[in-house]
K.L.:
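Okay, handing you the structure first.
We name chains A, B, ... by the order of the sequence lines, and we start the count at 1 in each one.
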Protein chains: 2
Amino acid sequence: MPRKPAEQTVQPDAILKAAATVFYRRGYHGATMADIAAEVNLTAGSLYHHFPSKEDLLCAVLDRGLAQITRDVRAVVDGGAPSADKLRAIAHIHVLSEIEHSNIAAAVIFEGRALLDVPGVRDQYVRQRDTLEALYRRVVEDGIAAGDFRPLDVGIFVKALFGALNWVSLWYREGGRLTGAQIAAEIAATFLAALQPPPAEGGDFPPC
Amino acid sequence: MPRKPAEQTVQPDAILKAAATVFYRRGYHGATMADIAAEVNLTAGSLYHHFPSKEDLLCAVLDRGLAQITRDVRAVVDGGAPSADKLRAIAHIHVLSEIEHSNIAAAVIFEGRALLDVPGVRDQYVRQRDTLEALYRRVVEDGIAAGDFRPLDVGIFVKALFGALNWVSLWYREGGRLTGAQIAAEIAATFLAALQPPPAEGGDFPPC
DNA sequence: TGGTTAATCAAATGTACATTTGATTATACG
DNA sequence: CGTATAATCAAATGTACATTTGATTAACCA
């Protein structure tokens, strides 16, 4: 049974990256199959040998993007570092995912809305996104429980952090004033400052 | 010269509001003229008596949305309140604009990208957006200069604040746990906490 | 009352896709 | 070598719009 074909074959991986880039650049409805195909030197029709439809392509991009960032973030959250370090690491992963990994994460962030019409798919997407958000929330809650962070409305705090991090993909330009790592560090510092507990009263050492 | 026609006439204002809502809901490319028309009980063709094209409609929405929020924010920034109060007021305006004023602001925020192809229009949009961002920046810079806020990277801080505020339109649901005003207050509190200067050393009163 | 015009509609028109179809090429394996 | 198959392409096909067109309606004003 003859099988493997050409060397000039395009990897499905490359198609996903191309699709992510184009979805991010033009939005789901604005992106054409020809745009995506051109990105990997194919014609529009050829894409259908790899994915059954444009919608499936978006689903695959979202699925893979969310899985990737969730995996990386989970590794940090499950580790034993102090909460502040975890938050810094998460910001780093999040920002770098947006600006480096072929914009897959960026497509995830902004094109999820295009799925609002397809209930089955949408639920899957929402579930994955909530999973990711829950990881962020856990870091903050653990930090509060440990006394490293001041108590606050964790729900809003995490949404704000998400927003700040996601927004990076809208304004980041390669070769700008700061690198992705520096941006992540600065954002993490901002949110960590907001989490700083008030100076301890009645601690081990009397204040005066 | 006979003029004014029917009572059943649709105001251009109503069309802009409808367009903003639909653009926000479906994205620029995903929105159809029929969708927008239906929102004000018209047929697609009738919209062309009020706006020359779909693109003009988007421009008008963006222009008006940005002008509105900029006007409101400018009034606060030009006022004499303490910087912290200004920041709280701005957050309030920003969030309420997103979730109340017919989603015009929300459309502004997320559909600006659809204009990336139309250079003339795009520049106008970018200029207006930068104007708004400059107002936010001024509040933070003034606060730092006055010693109310700790010094930090104002560029990143403002982008983070923008992101956190803009993100609200993606997750806010009417009848949720918090009102828009409460959300704005919580976000403002978070960012103000991040701006808090370290306890003064060598102040008027000696520390012990 | 009637002419002028704004506002609307229903029905074209044209185009830009997503998707299909029917070759064509090139590989791997026997 | 030869044949089955993966991967591709160029050229249909069909549809979903944006926009146009040609009435129709109803107000205003003289």
K.L.:
Could you state the CZ-P distance from A:Phe51 to D:dA7, rounded to the nearest angstrom?
P.N.:
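Whole-Å distance recorded here is 12 Å.
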
K.L.:
Looking at B:Lys86 and B:Asp78, is any side-chain nitrogen of the basic one under 4.0 Å from a carboxylate oxygen of the acidic one?
P.N.:
no

K.L.:
Roughly how many Å is it from NE2 in B:His29 to P in C:dA18, rounded to a whole number?
P.N.:
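In whole Å, C:dA18 P lies 11 Å from B:His29 NE2.
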
K.L.:
Given atom CG of B:Leu42 and atom C1' of C:dA6, what is their separation to the nearest angstrom?
P.N.:
13 Å

K.L.:
From C:dT19, C:dC9, D:dA10, pick the nucleotide closest to the side chain of A:Met33?
P.N.:
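So the side chain of A:Met33 is nearest to C:dT19.
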
K.L.:
Taking the six-membered ring for Trp, are B:Phe191 and A:Phe191 ring centroids under 6.0 Å apart?
P.N.:
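Between A:Phe191 and B:Phe191, which both carry aromatic rings, the centre distance is below 6.0 Å.
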
K.L.:
With the side chain of A:Ala44 defined as its heavy atoms from C-beta on, choose the nearest nucleotide among D:dC17, C:dC9, C:dT19.
P.N.:
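Per side-chain heavy atoms of A:Ala44, the pick is C:dT19.
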
K.L.:
Think B:Ser46 has a side-chain N or O under 4.0 angstrom from the OP1 or OP2 of C:dC9?
P.N.:
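Checking C:dC9 against B:Ser46, a side-chain N or O does come within under 4.0 Å of OP1 or OP2.
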
K.L.:
For B:Ile36 and D:dC17, what is the distance between atoms CD1 and P respectively, to the nearest whole Å?
P.N.:
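Atom-to-atom, B:Ile36 to D:dC17, this comes out as 12 Å.
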
K.L.:
Roughly how many Å is it from CZ in B:Arg26 to C1' in D:dC17, rounded to a whole number?
P.N.:
14 Å

K.L.:
From CG of A:Leu47 over to C1' of D:dA10, roughly how many Å is that when rounded to an integer?
P.N.:
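It works out to 15 Å between those atoms.
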
K.L.:
Nearest to the side chain of B:Ser53, which nucleotide is it out of C:dT19, D:dT19, D:dA18?
P.N.:
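The answer is D:dT19.
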
K.L.:
Side chain of A:Lys54: nearest nucleotide among C:dT19, C:dC9, D:dA18?
P.N.:
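Out of C:dT19, C:dC9, D:dA18, the nucleotide with an atom closest to A:Lys54's side chain is C:dT19.
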
K.L.:
Under the rule for side-chain hydrogen bond (donor to acceptor under 3.5 Å, both in side chains), what residues qualify as partners of B:Glu133, not counting sequence neighbours?
P.N.:
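If we apply the side-chain hydrogen bond (donor to acceptor under 3.5 Å, both in side chains) test to B:Glu133, skipping adjacent residues, the hits are B:Lys159.
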
K.L.:
Would you mind reading off the distance between A:Tyr48 atom OH and C:dC17 atom C1', rounded to a whole angstrom?
P.N.:
9 Å

K.L.:
Given that A:Thr32 and A:Pro52 both sit by DNA chain C, which one's nearest nucleotide is further toward the 5' end?
P.N.:
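Closer to the 5' end of DNA chain C: A:Thr32.
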
K.L.:
Figure out the CG/C1' separation between A:Leu57 and C:dT19, and round it to whole Å.
P.N.:
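Result: 14 Å.
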
K.L.:
When we call it a touch if two heavy atoms are under 4.0 Å apart, what does B:Ala31 touch: a base, just sugar-phosphate, or nothing?
P.N.:
sugar-phosphate

K.L.:
On the 0 to 90° scale, with breaks at 30° and 60°, tag the B:Tyr28-B:Phe23 ring pair as parallel, tilted or perpendicular.
P.N.:
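Geometry flag for B:Phe23 against B:Tyr28: tilted rings.
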
K.L.:
Between A:Asp153 and B:Arg177, is the closest basic N to carboxylate O distance under 4.0 Å?
P.N.:
yes

